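Just below is one structure, and these are the notes that go with it.
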Amino acid sequence: MSSQRILLGVNIDHVATVRQARYKDSPRECGQFVEPDPITLALLCEKAGADGITVHPREDARHIQRSDVCRLRETIQTRLNMEMAATDEMLDFALEVRPETICVVPESREEVTTEGGLEVAGQFERVERIVREAAQAGIESSLFIDPDREQIEASAKAGAKFVELHTGAYANAYYTSDRAAEFARLTQGAEMANEAGLVVNAGHGINYVNASEVIEIPYLYELNIGHSIVSRALFFGIDEAVREMKAKLAGV
Ligand code: PXP
């Protein structure tokens with residue numbers, strides 16, 4: 001296991017998914033009772049030991065709304081990590097809100113959640129400009145990439161401080177014969193990223209089962225976990241869900 005303490009960023013998008021399922025057309029602003037409130041959940045995550053809160057205001061605003069991000073910015077006491085598409089519109093919003101970090105992700109309307117990693121090498125100038133403009137505003141950048149050499153090298157060249165290695169393929173392969181190969185890809189990716197001077201985060205599809213193996217990936221700084229924690233909170237409450245995941249990350 002990694003000797004360094006691995007931080008936990010809790011992605012609260014799916015709390016907003018539940019809210020939108022009922023109250024999509026009843027914005028809070030009109031005074032109507034609206035539940036569940038993702039900001040309240042974020043505060044409870046912090047109280048239970050989360051090291052940061054992650055949200056992804058998507059172009060189609062299907063779950064987290066921009067107003068949620070602004071409220072989080074004013075409320076949480078840990079760190080705000082805003083996932084965003086590589087667009088000028090989202091960059092402008094990030095510059096306005098000033099999260100501690102942005103994590104640039106690929107985004108298409110069709111996907112249910114983020115699917116593949118960001119193509120950094122193929123849109124280098126755009127990504128490099130986002131990283132530069134964010135840095136000028138004091139915002140650190142992370143790039144959500146597959147653990148491939150080309151993307152890792154491009155991420156370092158673009159000036160990003162972090163990469164978030166996409167663990168989705170590994171999570172999908174967990175119960176198949178491809179699991180070892182996917183785990184090896186992540187391990188090699190983490191080694192390459194560390195070698196390139198990048199801080200290594202990881203996320204997507206991490207749960208209470210695979211976390212015990214995920215923490216064996218070298219050089220991990222932070223894991224961003226959403227669906228599994230929000231799901232467990234339905235049965236056991238968010239406090240226990242966060243504490244249990246923190247214990248997993250500590251190898252307990
Ligand atoms: N990291 C990134 C970049 C994501 O886009 C997501 C959610 O899509 C996550 C982490 C969290 O994934 P999950 O909800 O599967 O834990």
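Only a predicted model underlies this, so the values are computations on that prediction, with no experimental measurement involved. In each ligand, atom 1 is the first atom listed, and ligand 1 is the first ligand listed.
- Close approach to I225 involves these atoms of ligand 1, each under 4.0 Å from a residue heavy atom: 16 (O).
- Of all the heavy atoms of H166, none lies under 4.0 Å from any atom of ligand 1, so neither backbone nor side chain is involved.
- Per-residue contacts place G205 under 4.0 angstrom from the following atoms of ligand 1 (heavy atoms of the residue considered): 12 (O), 13 (P), 15 (O), 16 (O).
- Interface of V105 with ligand 1, defined as ligand atoms under 4.0 Å from a residue heavy atom, comprises 3 (C).
- Set against the non-hydrogen atoms of H227, the atoms of ligand 1 under 4.0 Å away are 13 (P), 14 (O), 16 (O).
- How far CG of D92 is from CE of M84: 9.0 Å, rounded to the nearest 0.5 Å.
- Looking only at atom types and distance, the side chain of Y174 has no donor-acceptor partner in the side chain of E213 under 3.5 Å away.
- Between N11 and ligand 1, no N or O atom pair is found at a separation short of 3.5 Å.
- Residue H204 approaches ligand 1 through these ligand atoms, each under 4.0 Å from one of its heavy atoms: 6 (C), 7 (C), 8 (O), 10 (C), 12 (O), 15 (O).
- Side-chain heavy atoms closer than 4.5 Å link hydrophobic residues (I, L, V, M, F, W, Y) into clusters, and following such links, possibly through other members, connects V163 to I215.
- Salt bridge absent: K157 and E153 never bring a charged side-chain N and a carboxylate O closer than 4.0 Å.
- Checked by atom type, the side-chain pair N81/T54 shows a donor-acceptor distance below 3.5 Å.
- There is no side-chain donor-acceptor pair under 3.5 Å between E164 and S142.
- Below 3.5 Å of separation, one finds no N or O of F144 facing any N or O of ligand 1.
- Using a 4.0 Å cut-off between charged nitrogen and carboxylate oxygen, E222 and R79 count as a salt-bridge pair.
- Not a single heavy atom of S228 sits closer than 4.0 Å to an atom of ligand 1.
- Under a 4.0 Å criterion applied to the non-hydrogen atoms of N224, ligand 1 contributes the atoms 10 (C), 11 (C).
- Residues S212 and K248 have side chains in contact (heavy-atom distance under 4.5 Å, counting atoms from C-beta outward).
- Taking 4.0 Å as the cut-off, H56 does not count as a neighbour of ligand 1 on heavy-atom distance.
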